[in-house]
Number of protein chains: 2
Amino acid sequence: MSESSQIFVGLNAVILAVTDEEPRILTLRRGDHSVVLPEDGSLEAPPAELIDGLPFGPLDPARDRTLELALRAWVREQTGIEVGYVEQLYTYGDRNRDPLEREGGPRILSIGYLSLCREDVVVGATQARWRPWYDYLPWEDWRNGRPAILDKLLEPALKTWIEVAQDRRAAQLRRDRVDIAFGWGGAPWDGYRVLDRYELLYEAGLVGEALRDRRAAEPEGKAALAPRLGRPMCFDHRRILATAVSRLRGKIKYRPVVFELLPPTFTLLQLQRVVEALAGQRLHKQNFRRLVEKGGLVEGTGKLSAGTGGRPAELFRFRHGVLRERPTPGVGLPALPEQ
Amino acid sequence: MSESSQIFVGLNAVILAVTDEEPRILTLRRGDHSVVLPEDGSLEAPPAELIDGLPFGPLDPARDRTLELALRAWVREQTGIEVGYVEQLYTYGDRNRDPLEREGGPRILSIGYLSLCREDVVVGATQARWRPWYDYLPWEDWRNGRPAILDKLLEPALKTWIEVAQDRRAAQLRRDRVDIAFGWGGAPWDGYRVLDRYELLYEAGLVGEALRDRRAAEPEGKAALAPRLGRPMCFDHRRILATAVSRLRGKIKYRPVVFELLPPTFTLLQLQRVVEALAGQRLHKQNFRRLVEKGGLVEGTGKLSAGTGGRPAELFRFRHGVLRERPTPGVGLPALPEQ
DNA sequence: AGACTTATGCTAAATGTGAGCATAAGTATT
DNA sequence: AATACTTATGCTCACATTTAGCATAAGTCT
């Protein structure tokens, strides 16, 4: 292995909590692309342009015995949070994705993690800040019906992208991908394809990061007219976020991970709202109730909640025993109705 | 980052094909633990003891633009195979898992991949060899009923492991994990928990790798009496294999990946046998047929197969259009009946 | 010809899911 | 205190999916 090709390993964390029925992730404001490579773990940012980023830090091969321990260590340092539930998402290592590592520079490998917190986590004295994850992926939130951004910006831009393909065959390929990812042409909207959609938008040059990366490669782009959908993030952090959303939406179907986001006892509506927040869609109340209650996921405590309006609701808790009864305890999501 | 803490990134591939109704992976025989770190991509093996390993090679940060390209490159070099379908599994980086990297040595990160091939792949002139994946995980194959190894070796050994726990509380924790992973105490056997089971057996010291890793750490173990279940592999390759099996069994439920393992046209029984081979369980023939046919996963070609015994079967092909019709086209597996 | 193999069509029963009606039991308003 | 409004909870009907078989078709093997 040559000297010029050192590898840096960064660990990135999507730290999620759901407060006020809104899924929020912890972000830091950083100088875009100007972050000094963390030789000593610190982050220098000649503030060219501040942009959101996930908490992240290097793997210190000498100190950290496992990747997860490394992650916990500097999440604590950077945000003051002691994370509980942690799950690895994906390892990204494309050279062209990261403007920092053009020819000759060190290679950066980023390993994405997802961490789930309760609402009450205290963020230490840092510039870390909670932000709704749908700020970054606004087309994913269907809780109040079809998101406006789809018709106003996204779909017209994608239509253009299909039209400007090199030839008819390339256009057809683009078309097929869009059909499946965004549910065009009668295909249903699939809430799980969050990553597909983001990657497609990146390729189509419709997210800020794509323009940024191309600008670094080419002198000046002509596609500067395209809309920049959603709030951008530095490096490939938004891709990692999209991976996290995909994974989590998939996982709540068969593992009781939602409860990591809730206090020890909760009402069924609270539980439902959290699931809806993650899924980005509304659920039928009575059916949801039946699902989690008959499914053995929760058990009543007998106590009633203070009540936020109407009739007081019973407080429930997660039923640990369900793990040994059913292979896949979770909340299945219905297909989104044609909208 | 200090000089002493270089990071090496290795890419490992579980290359799978299903032939004769048996899932087989490509393995190489290597000298265990004595593989010289691949400075130049070659593998020196002072043959202490030959052991199976996955094809693997380093990421060359200078050459390989993406991780997947790197993988494809040296899978070609090592085995002569041009892989088609490739999917990343997980990145492992625990220090204690790898006997090569005790104190002071370089840190090794291994990124696992899964690749699916058609039966007819030609393996180049190497020592690479196809081997049934159930050789490594024999307790996972329930196609001919409950595997004998469970009652003969595995469960007694686990019982002992529970008993020798430090205290009552620790024993209870072990018990709970075993209950869920292996379906004790009325819990059903969950075909998807392949990784859970392997990790548990590793911790319980019931696979060869655990003994190997401990032997390197401690002078001499007393647990040498424990059975060594399944065929061992070098490094943490068996863990990667277990990850692959888990992932694939999960994925066939909602993505039509099985077809990567089949020729372009096939009979429904062929398809069923491949699914059964992956799932490690038998399926109801008529119901399987209805599932894939009514589900729009396949379409008949009108041609008949040569027939392998009885009445000739129609040849089917994968119906690509299903991708745009249904969000999750795949073959769901029924819960294993209590055995 | 008869036994055996695989393919394929069909159905009854059980289970799961989607949608909505109806009632209960609180809070807010008049 | 009565009324409107909120949320909670029980229940039902229609429909889709799944499980487990029965039954017949159309080949091969002896």
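Atoms considered below: every heavy atom in the structure, side chains included; atoms not considered: hydrogens, waters and symmetry mates. Residue numbers start from 1 in every chain, and the chains themselves are labelled A, B, ... in the order their sequence lines are given, proteins ahead of strands.
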Residues forming a salt bridge (Lys or Arg N to Asp or Glu O under 4.0 Å) with B:K152, sequence neighbours excluded: none
Give me each pair satisfying salt bridge (charged side-chain N to carboxylate O under 4.0 Å, His left out) with a member in residues 262-278 of chain A, each pair once, sequence neighbours excluded. A:E21-A:R273, A:R273-A:E276, A:E276-A:R282
Using a heavy-atom cut-off of under 4.0 Å over every strand shown, decide if B:L268 touches base, sugar-phosphate, or nothing. nothing
How many Å lie between CD on B:E314 and C1' on C:dT6, as a whole number? 15 Å
Starting from C1' on D:dT7, measure out to CD on A:Q270 and report it in whole angstrom. 13 Å
Polar atom pairs (N or O), protein with nucleotides 20-22 of chain C, under 3.5 Å:
| unit_1 | atom_1 | unit_2 | atom_2 | d |
| --- | --- | --- | --- | --- |
| C:dG20 | N7 | A:H284 | NE2 | 2.8 |
| C:dC21 | N4 | A:Q286 | NE2 | 2.5 |

Tell me, which pairs form a ring pair (Phe, Tyr, Trp, His ring centres under 6.0 Å) where one or both residues lie in residues 272-320 of chain B, sequence neighbours left out? B:F259-B:F318, B:F318-B:H320
Across all chains, not counting sequence neighbours, the side chain to side chain donor-acceptor pair (under 3.5 Å) partners of B:D179 are A:R324, B:R175
Test: salt bridge (charged side-chain N to carboxylate O under 4.0 Å, His left out). Region: residues 305-317 of chain A. Which pairs qualify, not counting sequence neighbours? A:E299-A:R317
Atom-to-atom span, CD of A:E293 to P of D:dA8 - whole angstrom: 13 Å
For the residue pair B:T27 and B:I25, establish whether any side-chain heavy-atom pair is separated by less than 4.5 Å. yes
B/S/- contact track for nucleotides 25-30 of chain C, protein heavy atom under 4.0 Å: BBS---
May I have the distance from B:L283 (atom CG) to D:dA20 (atom P), rounded to whole angstrom? 11 Å
May I have the distance from A:R273 (atom CZ) to D:dT6 (atom C1'), rounded to whole angstrom? 12 Å
Among residues at least two apart in sequence or on other chains, which ones pass salt bridge (Lys or Arg N to Asp or Glu O under 4.0 Å) with A:R255? B:D190
Look at all strands and tell whether A:R289 reaches a base, only sugar-phosphate, or nothing, counting heavy atoms closer than 4.0 Å. sugar-phosphate
What is the distance, to the nearest angstrom, from the NZ atom on A:K294 to the P atom on C:dA14? 18 Å
Would you say a side-chain N or O of A:K285 is under 4.0 Å from OP1 or OP2 of D:dT7? no
Closest to the A:L269 side chain, choosing from D:dT9, D:dA8, C:dA7: D:dA8
Holding to salt bridge (Lys or Arg N to Asp or Glu O under 4.0 Å), I want the full list of residues that pass it with A:E260, two or more places apart in sequence or in another chain. none
Of B:S305 and A:R290, the one whose closest nucleotide on DNA chain C sits nearer the 5' end is B:S305
Cation-pi check for A:W139 against A:R146: NZ or CZ below 6.0 Å from the six-membered ring centre and within 45 degrees of the axis, yes or no? no
Give the rounded distance in Å between these two atoms: CZ of A:F288 and P of D:dA8. 12 Å
What's the CG-P distance between A:L315 and D:dT9, to the nearest Å? 9 Å
